[in-house]
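Since the structure is predicted, the reported quantities are computational estimates derived from the model, not experimental observations. A, B, ... follow the sequence lines: proteins, then strands. Residue 1 opens every chain.
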Number of protein chains: 2
Amino acid sequence: MAYESALRCLADPTRRRVFERLREGPRAVGELAAGLPVSRPAVSQHLKALKDAGLVLDRAEGARRVYFIDPEGLGELRRWLDWFWDQALDAFKHEAETQPPRRRPARGTPSSERKKP
Amino acid sequence: MAYESALRCLADPTRRRVFERLREGPRAVGELAAGLPVSRPAVSQHLKALKDAGLVLDRAEGARRVYFIDPEGLGELRRWLDWFWDQALDAFKHEAETQPPRRRPARGTPSSERKKP
DNA sequence: CACTTTCGTAAGCCATGACTTACGGTAAGC
DNA sequence: GCTTACCGTAAGTCATGGCTTACGAAAGTG
């Protein structure tokens, strides 16, 4: 139920940049905003979204507020992706076995183009 | 460079439902739309987005058009997530070691190992 | 105390995108 | 031939959300 919010969070480019900078280690809001082309309140809002999604944790450090990645959020997303991956791969292999017996299904199998009028 | 579009695609709930139904196997557009609360053109647009992101492939089957999951797109997203996970976990552990014991009770830090395809 | 720094929130603006209906084009059936 | 089924695209509507500026709270400094 939480991998959905994680996906939503990581879909936004700016929010992903914030999250990727936290990969280097704990950072305060101002530090994060200094390296981004958006204002500090924007970063604050992104951090709130990341926190609600369980992707980051925060810690008060005087007047500053330090954020850092919570591995639990990423872990849940990773587990969902693995679970999905397994089933998708099985379906794909089963499809490759049963469907195209004629020609070799290797390179340019699926027809993506249509005729032009 | 493609994991970003994959994240964007999977962020939308309806598009994710389309993708999750394809996990069961190849489906035509009409079949997918029949089980969803949106119109068929909407599903068609979602499938185009999924295809542009490298998450699905399609095949002409008479007048119908059958879509199915392309494991390559998911694989790239999975590789990015793994790479991110490793660095984030290192940073988190390093943080837990150097910072004073202001940590939460740690309800099971996720295991670091995993299978490799 | 006054003043600064750091940050979160509120209010508003505005572009993005998800959805609809309408239409054209291709394949199969009669 | 005509008709039906299936699908992609165009055009337009409308809500979502990312961004800004403005303001207030909390902690540190002199």
Specify the separation, in whole Å, of atom CG of A/L47 and atom P of C/dT6. 16 Å
Side chain B/R15, main chain B/C9, donor-acceptor under 3.5 Å: yes
What's the CZ-C1' distance between B/R65 and C/dA27, to the nearest Å? 12 Å
With a 4.0 Å limit, can you tell me whether A/R8 has a side-chain N or O closer than that to the phosphate oxygens OP1/OP2 of D/dG17? yes
Would you indicate whether the side-chain heavy atoms of B/W80 and B/L7 approach each other to under 4.5 Å? yes
Between A/E31 (CD) and C/dC7 (P), how many Å, whole number? 8 Å
CG of B/D52 versus P of D/dT9: gap in Å, rounded? 9 Å
Check the distance between D/dT29's C1' and A/R64's CZ and give it to me in whole angstrom. 16 Å
Is A/P37 close to A/R17 at the side-chain level, that is, under 4.5 Å between some pair of heavy atoms? yes
Name the nucleic acid region contacted by A/A60, choosing base, sugar-phosphate or nothing; use a 4.0 angstrom heavy-atom cut-off, strictly under. nothing
Side chain proximity check, B/Y67 to B/V43, heavy atoms < 4.5 angstrom: no
For A/R16 and D/dG18, give me the distance from atom CZ to atom P, rounded to whole Å. 12 Å
Quick one: which protein N/O atoms are closer than 3.5 Å to N/O atoms of nucleotides 19-24 of chain D? Pair and distance per line, please.
from, atom 1, to, atom 2, distance (Å)
D/dC19, OP1, A/T14, OG1, 2.9
D/dC19, OP2, A/H46, NE2, 2.2
D/dT20, OP2, A/S39, N, 2.7
D/dT20, OP2, A/S39, OG, 2.7
D/dT20, O4, A/Q45, NE2, 3.1

Sequence-distant partners of A/D58, salt bridge (Lys or Arg N to Asp or Glu O under 4.0 Å), two or more places apart: A/K51, A/R65
Are the side chains of A/L10 and B/F84 in touch, meaning some heavy atoms are under 4.5 Å apart? no
Applying side-chain contact (heavy atoms from CB on, under 4.5 Å), can you list everything that pairs with B/R27, at least two apart in sequence or on another chain? B/R21, B/L22, B/E24, B/E31, B/L32
B/Y67 side chain near D/dG8 phosphate (N/O to OP1/OP2, under 4.0 Å): yes
To the nearest Å, give me how far apart NZ (B/K48) and C1' (D/dT9) are. 9 Å
If I take atom CZ in residue A/R59 and atom P in nucleotide D/dA26, what distance separates them, rounded to the nearest angstrom? 21 Å
